[in-house]
2 protein chains.
Amino acid sequence: MSGLKDLETPALLLDEARMDRNIARMRAQVRRLGVRFRPHVKTNKCHEVAQRLMEGPEGPITVSTLLEADYFAQRGVRDILYAVCIAPNKIAHVLDLQSRGVRMSILVDNVDAARLVAERLRAHPAGRDVGVLIEVDSDGHRSGVQPDSPELLAIAYALRNGGARMQGVMTHAGSSYDCRGWTALRAMAEQERSAIVRAADRLRGAGIACPVVSVGSTPTALAAEHLQGVTELRAGVFVFFDLVMAGLGVCEVDDVALSVLATVIGHQQEKGWTLLDAGWMAMSRDRGTAAQEVDQGYGLVCDIEGRPLADYILVGANQEHGIMARRPGLPADGLHLPVGTQVRILPNHACSTAAQYPAYQVVGPQGELRARWPRFSGW
Amino acid sequence: MSGLKDLETPALLLDEARMDRNIARMRAQVRRLGVRFRPHVKTNKCHEVAQRLMEGPEGPITVSTLLEADYFAQRGVRDILYAVCIAPNKIAHVLDLQSRGVRMSILVDNVDAARLVAERLRAHPAGRDVGVLIEVDSDGHRSGVQPDSPELLAIAYALRNGGARMQGVMTHAGSSYDCRGWTALRAMAEQERSAIVRAADRLRGAGIACPVVSVGSTPTALAAEHLQGVTELRAGVFVFFDLVMAGLGVCEVDDVALSVLATVIGHQQEKGWTLLDAGWMAMSRDRGTAAQEVDQGYGLVCDIEGRPLADYILVGANQEHGIMARRPGLPADGLHLPVGTQVRILPNHACSTAAQYPAYQVVGPQGELRARWPRFSGW
């Protein structure tokens with residue numbers, strides 16, 4: 001497979017055709033649902049990828065760090081939701097972005113933060129234009145105010161009375177990662193939708209405008225039957241998918257567009273182990289499939305063309321060593337890959353594996369290397 | 001605490017005094033053991049830190065990636081052991097480093113790799129100067145040839161007959177991370193030492209020179225009673241220590257020099273949760289204490305001055321959200337940290353947490369920010 005064998009390993013491969021197929025699937029779903037799409041770029045952190053996701057060169061996008069906001073703002077994106085409740089030490093940075101012509105939106109989920117944010121925004125010339133959304137808890141997994149709580153209205157009043165631009169409500173049903181099967185996923189999507197619409201209705205009933213009603217996670221985005229009352233959808237990991245998503249049934253294993261190219265460096269034959277030069281630093285420590293029906297260890301091993309070597313996974317990992325073997329419970333047999341053989345390993349979690357690499361090596365339909373797309377990490 | 005409150009969070013803090021104390025402790029142990037010290041830089045990946053570990057500006061050092069070798073070679077280090085069995089696609093890179101005046105050492109643990117390495121080194125003008133060590137398996141946890149196996153000699157013959165510079169033997173008792181208590185650690189250190197010395201003796205008995213006899217891991221380095229027959233010691237994580245090491249009893253919690261500065265962004269009061277802006281991306285997915293006596297979740301929470309908030313840990317983590325709560329089983333009570341409060345979180349594993357950051361924020365004895373030391377990740 002031309003190009004791959006010259007790469008030093010480990011390297012992060014991106015199958016362009018699979019990625020484009022995943023994007024087309026989400027686009028079709030967004031069209032069907034009739035909402036605006038605000039892709040989450042936390043998974044890809046790469047302009048070449050994000051360009052294919054965005055409605056236009058100015059966005060909109062969702063980010064998980066202000067470094068993502070900086071990077072995409074420098075590349076022309078003008079509509080950015082920072083989707084983690086704001087910490088006071090980040091407000092100056094948000095105001096700086098807004099001053100540079102980016103339409104920033106931030107989150108709060110409590111009255112103290114709402115008051116503080118309103119005060120800080122009021123004190124800055126660009127502060128009145130920063131949008132503030134209230135995070136609503138639709139599934140109990142993280143942050144957010146309860147949609148039926150008195151505090152929802154109290155936060156909105158604190159923002160309005162403080163002069164902040166109350167932009168709307170958002171929620172993220174992260175519990176969808178723990179669902180099993182489409183029935184459960186559909187129910188979770190409806191739970192996410194109905195919670196946020198209830199919150200928006202309560203605000204409007206109290207005389208507070210609520211133009212933005214935002215939901216999203218990859219599983220609920222794909223499972224939602226309708227999104228009545230919702231204005232925008234967010235999702236990120238769908239662009240690459242991963243073994244956790246395949247384990248959920250949200251995609252097939254052969255939709256996973258990201259893999260780690262690794263090389264055989266030795267064997268422990270009596271144990272049935274093949275040692276690879278990709279350990280937990282290359283795969284990340286994410287063991288997201290451990291709680292699923294099929295535990296994929298630190299990743300599912302494929303041949304150089306991306307075909308799974310049935311039942312071979314990374315059963316263990318050191319910092320720079322991966323231990324490839326048959327799944328626990330199966331006899332250790334047969335497969336002997338000589339030293340120097342290259343394999344591809346599908347990751348449990350695209351976000352955490354991609355974060356370990358400075359770039360994507362983009363692989364075309366004939367397995368040829370087409371490009372190197374830089375990405376970044378950190379804050 | 002001047003300086004810290006102006007940092008955007010999450011940020012990686014390095015307590016300089018603790019680091020220096022950890023280094024002094026290891027230096028004293030190395031002196032007592034009477035061996036050469038070849039610090040492993042995979043944990044720190046930072047010249048400012050490594051300078052304090054090395055015997056001199058030219059090293060020696062141990063690396064886990066060739067990117068580490070490049071970085072330290074550019075900064076004057078001239079004696080580098082790449083301590084992962086070599087993959088064929090990395091030999092050209094090693095030869096390039098050797099050609100640029102770096103004394104490189106590489107590893108093999110099987111005859112196929114030994115033959116291939118000898119052939120590739122023979123074909124290059126700098127190849128005869130590259131040292132080759134045989135990795136020996138002293139504890140069954142990873143790669144390496146058995147010290148009593150016929151293959152040990154076969155590898156040495158393949159190297160010698162192929163014209164390669166057989167430099168010696170090395171082993172890493174990574175199983176020491178699973179030991180409990182000093183008796184077990186001392187036994188593991190002796191197991192590591194005796195295995196490698198046995199391998200060296202067998203080679204010498206067969207007429208093969210074996211000048212380098214190399215062992216090391218932080219736990220066995222600190223536990224070893226003597227290292228007769230060993231010429232050099234390797235260790236890396238001791239420079240920062242972490243909760244896994246504290247759980248092993250190798251250090252105290254207040255020796256841990258690395259922490260993640262995070263900020264309170266909200267609460268779920270009825271659950272006893274405090275939400276922080278440091279999730280698994282900031283801490284890594286490493287759950288190395290999960291199998292220990294005290295499970296520290298995704299990290300142990302301390303106040304801004306680094307004093308542990310007894311029994312508060314990260315019980316859960318999303319990508320950019322940490323869920324701080326009392327340990328499972330204890331009543332959720334009392335502690336209410338207002339939005340904006342900064343805390344420090346001690347990591348399970350220094351190597352994996354540090355890998356998520358572009359720099360160390362160095363904290364002095366009065367809690368003041370003294371410097372920003374860049375570090376790197378990737379391959």
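The figures here come from the full heavy-atom set of this structure, side chains too, leaving out hydrogens, waters and symmetry mates. Lettering follows sequence order; numbering is per chain, from 1.
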Look at [options] and state which one has the largest set of heavy-atom pairs under 4.5 Å with chain B.
options	value
A:R287, A:Q342, A:H141	A:H141
A:K90, A:K271, A:H321, A:Q268	A:H321
A:V264, A:L107, A:L116, A:D137	A:D137
A:A87, A:A83, A:G378	A:A87
A:N318, A:V339, A:L12	A:N318
A:G144, A:A11, A:A355, A:A92	A:G144

Quick check on the interface: out of B:G140, B:G316, B:P358, B:G174, who has the most heavy-atom pairs with chain A under 4.5 Å?
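When all of B:G140, B:G316, B:P358, B:G174 are compared, B:G140 has the most.
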Heavy-atom pairs under 4.5 Å with chain A: which of B:G279, B:A282, B:G288, B:S377 has the most?
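Answer, by heavy-atom pair count under 4.5 Å with chain A: B:A282.
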Option from B:T9, B:D6, B:D277 for which side chain to side chain donor-acceptor pair (under 3.5 Å) with A:N89 holds
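The passing option is B:T9.
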Quick check against the 3.5 Å criterion: does [X] have a side-chain atom that pairs as donor or acceptor with the backbone of [Y]?
X	Y	value
A:R142	B:I323	no
B:H267	B:T274	no
B:Q319	B:M281	no

Angle between ring planes, A:Y177 versus A:H349, binned at 30° and 60°: parallel, tilted or perpendicular?
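Plane angle between 30° and 60°, so tilted.
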Is it the backbone or the side chain of [X] that comes under 4.5 Å from a heavy atom of chain A, or both, or neither?
X	value
B:N110	side chain
B:L66	side chain
B:E8	both
B:P338	neither
B:S64	both

Under 4.5 Å from any heavy atom of chain B - which part of A:S284:
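It is neither, since no heavy atom gets under 4.5 Å.
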Side chain to side chain contact (heavy atoms under 4.5 Å, CB included) between B:E151 and B:Q146, intermediate numbers included
CA-CA 8 Å; B:E151 197 173 18; B:Q146 299 307 308; over 6 Å; no
Evaluate the side chain to side chain contact (heavy atoms under 4.5 Å, CB included) criterion for residues A:L97 and A:I80: first the C-alpha distance (whole Å), next the side-chain angles of each, then the deciding distance (0.1 Å), finally the verdict.
CA-CA 10 Å; A:L97 280 157; A:I80 300 179; 5.6 Å; no
Approximate separation, where rounding is to 0.5 Å, of A:K42 NZ and A:T62 OG1
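These two atoms lie 10.5 Å from each other.
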When the aromatic ring centroids of B:H93 and B:W379 are compared, is their separation below 6.0 Å?
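Between B:H93 and B:W379, the centre distance exceeds or equals 6.0 Å.
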